[in-house]
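Computed over heavy atoms, backbone and side chain alike; hydrogens, waters and symmetry mates excluded. Order of the sequence lines sets the chain letters (A, B, ...), proteins ahead of strands, with each chain counted from 1.
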Amino acid sequence: MIDTNLIKENPKSVSEKLALRNYNFNIELFEASETERKKYQTETEDLQAQRKALSKEFGMLKKEGKDDPALSKKIDSMKSDLDKCSSKLSNIQTTLKELLLDIPNLPDESVPTGKNEESNVKIRNFGEPTILKGKDHLEITSMIDTDSANLLAGSRFAVLSGEIAKLQRALITFMLDKAEEHGYTEHYLPMVANTESLTSTGQLPKFSDDLFQLTDDYYLIPTAEVPLTNLYRDQILNINQFPLKLTAHTSCFRSEAGSYGKDTKGLIRQHQFEKVELVQICHPEKSYEALESLTSHAETILKELNLPYQVVELCTGDLGFAAAKTYDLEVWIPSQETFREISSCSNCTDFQARRAKIRFKEDGASKLAHTLNGSALAAGRALIAVIENNFDQNSTIKIPEVLQDYTKFTSIKI
RNA sequence: GGAGAGUUGGCUGAGUGGUCGAAAGCGCCUCCCUGCUAAGGAGGUAUAUGGGUUUACUGUAUCGAGGGUUCGAAUCCCUCACUCUCCGCCA
């Protein structure tokens, strides 16, 4: 949620910023609702104050064994006024809340403007793609089996076996160890989240179609960002704890509604995939610094795996709902001869913190913290990248050195 | 799955219809005293949101959540969630 004071103080600038990310903000509707809200809230509170006073009076008289019919009458009419007023108030509050929950975060000043991903800006790159027109991971190994997964569950799932399954496990463990080196505390988390958690991080109510829902209040998590950030929901944190640095490996579940026909082959786009996530919760003045460091933490992993990648800054039109600024890491996929997203590192500023009520105390006042998150990395895509970039186009996948301690083998013979 | 007990401020915990945003203790902050330390004394210390000369001050809401009874609910009733104990089952 964005700060309503910003809207009140400078609605024009807010709506312009939102327009940059293709969000059409209805100022008139907001302002009308807000005026209504204020009117009914003041009125309701006045009536509540009246009720308090009259009830007290009534009680005093009763104690003395007296009755005052005029007073009773007054109370009756006050009550019906109050009922009307407060139900109007709660209606308008609901409308306002819906309005506010629908608005994405404001892009940071530094974010390049643009309508869509074509305006994203390449910041830097690492390594040189050595393999062009390489075989794709399904052609390389039968230890990635989508047919069996289709039998078990359906499309967009995979069964990994043997050395490939081990390689993925090695990748995950390696990533977690790297995160720990960078000061992140490892967590094991529920992979189910409730409505409140998902609302706090911004997946709900707007993007319910992207989630797998189990029952009314249970959803499979689309990313560990949800449980990690929600660990501190409704809390006032000690400023000395900052920055909080958290990591976890979880399975992630996405319905991929609306991506029919996109990336249907292979592991690129799955309903279920493994990911190591980094989350930071920090002081508002430190969050952009933190974004740079978090991004570099994710990059370290690609570097050590010796995978060619590029860092891209998303333009305003391509930003995720909760993000004020985002860097995507894109890894070279030889079979597609293109860079594909393997990590997305975002500063969500106070957007999630406001929804989740993650606060800290400074100078006696309670303030909202800033939250950041980034993948380090998506293991399924990392697996593809390792396989395809290290395949000799004949019979052998070489295991990157840093993984060999984890895999206990140095190559995979096909 | 069965039976029972709970859920109150940063923590412990009192409060069974009004004077309760809530005793007391702990913790924390400020000050005083004591030449260090320990001990002692005085005061302060929830959150959200509104009004205001944006300072002082002040309205309202919040005692797990939602509904109900009542002039009035932390307190009574109903529903739900969660926690704990015992039994059963189980990786």
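- A distance of about 36 Å separates the C1' atoms of rC90(B) and rC11(B), rounded to the whole Å.
- rU45(B) sits 39 Å from rA81(B) when the P atoms are compared, rounded to a whole Å.
- Between the P atom of rG10(B) and the CZ atom of Phe360(A) lies a distance of 17 Å, rounded to the nearest Å.
- Of all the heavy atoms in Leu267(A) and Ala158(A), the pair that sits closest is CD2-CB, 3.3 Å.
- Nucleotides rG2(B) and rU12(B) are separated by 30 Å at their P atoms, to the nearest Å.
- Comparing the C1' positions of rG4(B) and rG10(B) gives a spacing of 31 Å, expressed to the nearest Å.
- Residue Asn5(A) qualifies as enclosed at atom CG: its count of foreign heavy atoms under 6.0 Å is above 12.
- Rounded to the nearest Å, the gap between the P atom of rU69(B) and that of rA74(B) is 16 Å.
- The aromatic rings of Phe360(A) and His283(A) sit tilted relative to each other, their planes meeting at an angle between 30° and 60°.
- Spacing between atom CE of Met78(A) and atom P of rU70(B) amounts to 14 Å, rounded to whole angstrom units.
- Across all non-hydrogen atoms, the minimal contact from Glu225(A) to Gln352(A) is OE2-NE2, 2.8 Å.
- Distance, Lys357(A) NZ to rU47(B) C1': 10 Å, rounded to whole Å.
- Atom P of nucleotide rG72(B) and atom CG of Leu47(A) are separated by 13 Å, given to the nearest angstrom.
- Of all nucleotides listed (rC71(B), rA48(B), rC82(B)), rA48(B) comes nearest to the side chain of Ser366(A).
- For the C1' atom pair drawn from rU70(B) and rU54(B), the interatomic distance equals 40 Å after rounding to whole Å.
- Across all strands, Ile236(A) comes closer than 4.0 Å only to sugar-phosphate atoms, never to a base (heavy-atom distances).
- When each of Asn194(A), Leu101(A), Leu211(A) is paired with Leu204(A), the side chain to side chain contact (heavy atoms under 4.5 Å, CB included) condition holds for Leu211(A) and for no other.
- A donor-acceptor contact closer than 3.5 angstrom links the side chains of Thr201(A) and Gln203(A).
- In this structure, CD of Gln93(A) is placed 17 Å from P of rA48(B), rounded to the nearest angstrom.
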Quick one: what's the B/S/- string for nucleotides 51-59 of chain B, heavy-atom cutoff under 4.0 Å, read 5' to 3'?
-> S-------B
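- Closest to the side chain of Lys8(A), from the set rG50(B), rA61(B), rC71(B), is rG50(B).
- In this entry the distance linking CD1 of Ile239(A) with P of rG10(B) reads 18 Å, nearest Å.
- Remark: RNA chain B takes part in the stems B:1-7 with B:81-87, B:10-12 with B:24-26, B:27-32 with B:40-45, B:46-51 with B:57-62, B:64-68 with B:76-80, each of 3 or more antiparallel Watson-Crick or G-U pairs, criterion distances under 3.5 Å.
- Comparing rU7(B) with rG13(B), their P atoms sit 10 Å apart, to the nearest whole Å.
- Leu54(A) comes within 4.0 angstrom of no nucleic acid atom, judged by non-hydrogen atoms across all strands.
- Checking side-chain atoms of Ser375(A) against main-chain N and O of Ser344(A) turns up a donor-acceptor pair under 3.5 Å.
- Among the candidates Glu292(A), Glu313(A), Glu109(A), the single residue satisfying the salt bridge (charged side-chain N to carboxylate O under 4.0 Å, His left out) test with Lys325(A) is Glu313(A).
- To the nearest angstrom, P of rU49(B) lies 23 Å from NZ of Lys39(A).
- Counting non-hydrogen atoms under 4.0 angstrom, Lys52(A) reaches the backbone sugars and phosphates but no base.
- When the side-chain nitrogen and oxygen atoms of Arg37(A) are compared with OP1 and OP2 of rU49(B), none of them lie within a distance under 4.0 Å.
- Here the P atom of nucleotide rA46(B) and the CD atom of Gln235(A) are 19 Å apart, to the nearest Å.
- Judged purely by distance below 3.5 Å, without hydrogens or angles, the side chains of Asn373(A) and Thr229(A) never pair a donor atom with an acceptor atom.
- On the C1' atoms, rA91(B) is 22 Å away from rC86(B), given to the nearest whole Å.
- Both Glu34(A) and Gln50(A) lie near RNA chain B, and the one whose nearest nucleotide falls closer to the 5' end is Glu34(A).
- In this structure, Phe25(A) and Phe30(A) have tilted ring planes: the angle between them lies in the 30° to 60° band.
- Comparing rU47(B), rC71(B), rU60(B) by their closest approach to the side chain of Lys79(A) singles out rC71(B).
- Within the model, atoms NE2 of His271(A) and CG of Leu220(A) stand 12.0 Å from one another, a figure rounded to the nearest 0.5 Å.
- Lys367(A) comes within contact range of no nucleotide atom at all, as no heavy-atom separation falls under 4.0 Å.
- Residue Tyr218(A) places its side chain closer to rC82(B) than to any other of rG50(B), rG18(B), rC82(B).
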